[in-house]
Amino acid sequence: MPLPHFLILILAVILAAGLTIWAASAAGIPIVVLGFLALLAAAITHLTARDHRS
């Protein structure tokens, strides 16, 4: 992956995270709850991932 594409990807991720935190705080959701939801989503993603080893 070329460096400019990588840097744009990093910028997009940072902007999406900032937008998510801003929207959650504007809606009155505490940061702790937002963190717990992110942790829960990561755990569900991890547990539902398929392992292709036989």
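Any value given below was found using the heavy atoms of this structure, including those in side chains, with hydrogens, waters and symmetry copies removed.
The CG atom of L39 sits 10.0 Å away from atom CD1 of I44, with the distance rounded to the nearest 0.5 Å.
Counting side-chain heavy-atom gaps under 4.5 Å among Ile, Leu, Val, Met, Phe, Trp and Tyr, the cluster of L19 also holds W22. Residues L11 make up the rest of the hydrophobic cluster containing L15, defined by ILVMFWY side-chain heavy atoms closer than 4.5 Å, directly or through other members.
For the pair L34 and I29, the tightest heavy-atom approach, listed with the atom from each and the gap, is N-CG2, 4.4 Å.
Cluster membership check: I14 shares its hydrophobic cluster with L7, using side-chain heavy-atom separations under 4.5 Å among Ile, Leu, Val, Met, Phe, Trp and Tyr.
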Practice problem: Assess whether side chain to side chain contact (heavy atoms under 4.5 Å, CB included) is satisfied between I10 and F6, documenting all intermediate values. | Solution: CA-CA 6 Å; I10 295 296; F6 177 72; 3.9 Å; yes
